[in-house]
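Since the structure comes first, as structure tokens, the remarks are kept for the end.
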Number of protein chains: 2
Amino acid sequence: MPNNVVFDLAKLRRNCAQCSLHQLCLPAGIGQDDLDRLDAIVHRRRPLARSERLYRIGDPMEALYVAREGSFKTVAINSDGEEQIIGFHLPGELMGLDALGTGLHRCEAEALGPAQICEVPLEALGDVIHAIPGLGTQMLRVIGRSVARDQDHLEMLGRRQAQERIAMFLHGLSERFRSLGHPATEFSLPMSREDIARFLGLVIETVSRGFTRLQDEGVIKVRGRQLRITDPQQLESLAIGPSDALRDHSCSRSA
Amino acid sequence: MPNNVVFDLAKLRRNCAQCSLHQLCLPAGIGQDDLDRLDAIVHRRRPLARSERLYRIGDPMEALYVAREGSFKTVAINSDGEEQIIGFHLPGELMGLDALGTGLHRCEAEALGPAQICEVPLEALGDVIHAIPGLGTQMLRVIGRSVARDQDHLEMLGRRQAQERIAMFLHGLSERFRSLGHPATEFSLPMSREDIARFLGLVIETVSRGFTRLQDEGVIKVRGRQLRITDPQQLESLAIGPSDALRDHSCSRSA
DNA sequence: CGTGTGATTGAGATGGGTCAACCTCAGTGG
DNA sequence: CCACTGAGGTTGACCCATCTCAATCACACG
């Protein structure tokens, strides 16, 4: 694979520019030197197959990972074997922060399909953070986004009805695809219904019924994992501020 | 109150040693110089009264905060005004990470009772992190613990029954009191039933019933906010691995 | 053309939400 | 000293969203 190192580096750099690492290294107008230094420490790993794991619960933290191709899920498993999906990670998104606290991973990261990743070894990271001004701040920002996502997730599990959760999930996924440059209204779900259910704190049948209902309402069109959002507006209003949406309707009629 | 500055600083340092900042600055055998430097940037603020807010949603991030006396809650409020409590913060625990991502706070931090805090101004923090080797790593560790707590919370909201949630909550609170050097089996709840409900993703009546039921089962004794854990063992087995506990019982009898 | 895995659908059971009454107690004022 | 008041907490009755259990479907794969 490393048949041509120069070519490889160039390709890597191009990739970094369009993955979440670009938010980690580029924004403050990073120089070419620093960029090279960063590129030099980023490892690639052999491709992963579906259901292969990047790390398991209890593994010592060795690196931060970025999905380069393919998607991942991070899963927490409690004492009685129940799984809770903590997050899904599309190409360009970060994984591995769960071990920051203890140095041991508390989740599993599992490929949802064939995948490739970039890996930033932990010890190298410390050096580079010190060497490149602003990188530490940037990294905090990336971590912060991850924290924010967890908190949105919390809010969703704490207060929302099944149907709202499903709408929020699809809407969020659509936005993430959009920001990756993929079509936002037609894509294929990288994860199973089971995974969705365990992410949303629901049971698979409820997810299935929710999809069917959204389809009956003309909001989406699903067939297996293939999804088309036929009424993005409506999906959005179901997702953000469900009662707002209702209020909007009634207000605009009465006012 | 700041009648004697020298005395004040000494007191502050003593306080830092026993609050979560000690995990942030002391562990790698930090020198006296660095400790002084850290002490110098830590602000105190005037005492806060019950229901006063440290920051509000949308406020720019200015500092990290540590509860010094009294407890806090951090609350997310969604589009239709529903509140989800993201976390409770006992003395020595950190607040303010929620703004790392965007630089704007996405939660409110509100004092549950009379409280005092220490404050680490953000810009000073950056300097000190660079100046004190190992502090950055330590800070990542503290952040990691906060992430871990959010993920436990997620797991709880996603998969657990009301009664398990309540047991987990009380058990976790008890552990935190223990690690603060307070009695772990008898304490007063810093938050209302309402707050507990909104933290657990339940309604207040369910929390109340849950308490009553735990009391009927002889696990706790509650009167208002005063709580005694009469059977810590049983509480723990309800909290961690509910079905394990059941399995244990039946196994130990049959095997 | 079976066989298995994932998804959908239906029917029935139930945990916990909703609504409403009531209790407890601290604070206040007569 | 007692009655009133209001906020927080408890309890009960009812109901519904979601879970459970089970049958069926869809489709990929050997």
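Letters A, B, ... are given to chains in the order of the sequence lines, protein chains preceding strands, and every chain is numbered from 1.
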Check side chain to side chain donor-acceptor pair (under 3.5 Å) between B:S192 and all other residues, then give those that pass, not counting sequence neighbours. B:D195
Counting side-chain heavy atoms from CB outward, which of D:dT10, D:dT11, C:dG16 is closest to B:E205? D:dT11
Which residues in residues 196-204 of chain B have at least one heavy atom lying under 4.0 Å from any atom of DNA chain C? B:G201, B:L202, B:V203
Using the salt bridge (Lys or Arg N to Asp or Glu O under 4.0 Å) criterion, which residues pair with A:R106? Sequence neighbours excluded. B:D152
Report yes if at least one side-chain N or O of B:T212 is closer than 4.0 Å to OP1 or OP2 of D:dT10; otherwise report no. no
How many whole angstroms separate atom CG of B:D216 from atom P of D:dG12? 10 Å
Residue A:R50 excluded, over 12 heavy atoms near CZ under 6.0 Å: no
Can you check the B:R160 CZ to D:dT18 C1' distance for me, whole Å? 19 Å
Rounded to whole Å, how long is the line connecting atom CD1 of B:I166 with atom C1' of C:dG16? 11 Å
Could you tell me whether the side chain of B:R209 has a donor or acceptor atom within less than 3.5 Å of a complementary atom in the base of C:dT18? yes
Might you point out which heavy atoms bring A:I85 and A:F199 nearest each other, and give the distance in Å? O-CD1, 3.6 Å
Whole Å only: how far is the CZ atom of A:R165 from the C1' atom of D:dC19? 13 Å
Whole angstrom value for the distance that separates P of D:dA7 from CE of B:M191: 22 Å
Judged by each residue's nearest nucleotide on DNA chain D, which is more toward the 5′ side, A:Q163 or B:R50? B:R50
Regarding A:H89 and A:S71, is there a side-chain donor-to-acceptor distance under 3.5 Å anywhere? no
So, is A:R225 near the phosphate of C:dG6, with a side-chain N or O under 4.0 Å from OP1 or OP2? no
Quiz item: B:Q161 side-chain donor-acceptor pair to D:dC19 base, under 3.5 Å: no
Phosphate contact (D:dG9 OP1 or OP2) by B:S208 side-chain N/O below 4.0 Å: no
Looking at B:R45, I'd like to know if its CZ atom is crowded, meaning that more than 12 non-hydrogen atoms belonging to other residues, nucleotides or ligands lie closer than 6.0 Å. yes
Spacing between B:Q215 atom CD and D:dT11 atom C1', to the nearest angstrom: 14 Å
What's the CD-C1' distance between B:E194 and C:dG17, to the nearest Å? 14 Å
Any luck finding a side-chain donor-acceptor pair between A:D98 and A:H105 under 3.5 Å? yes
From CG of A:L227 over to C1' of C:dT8, roughly how many Å is that when rounded to an integer? 16 Å
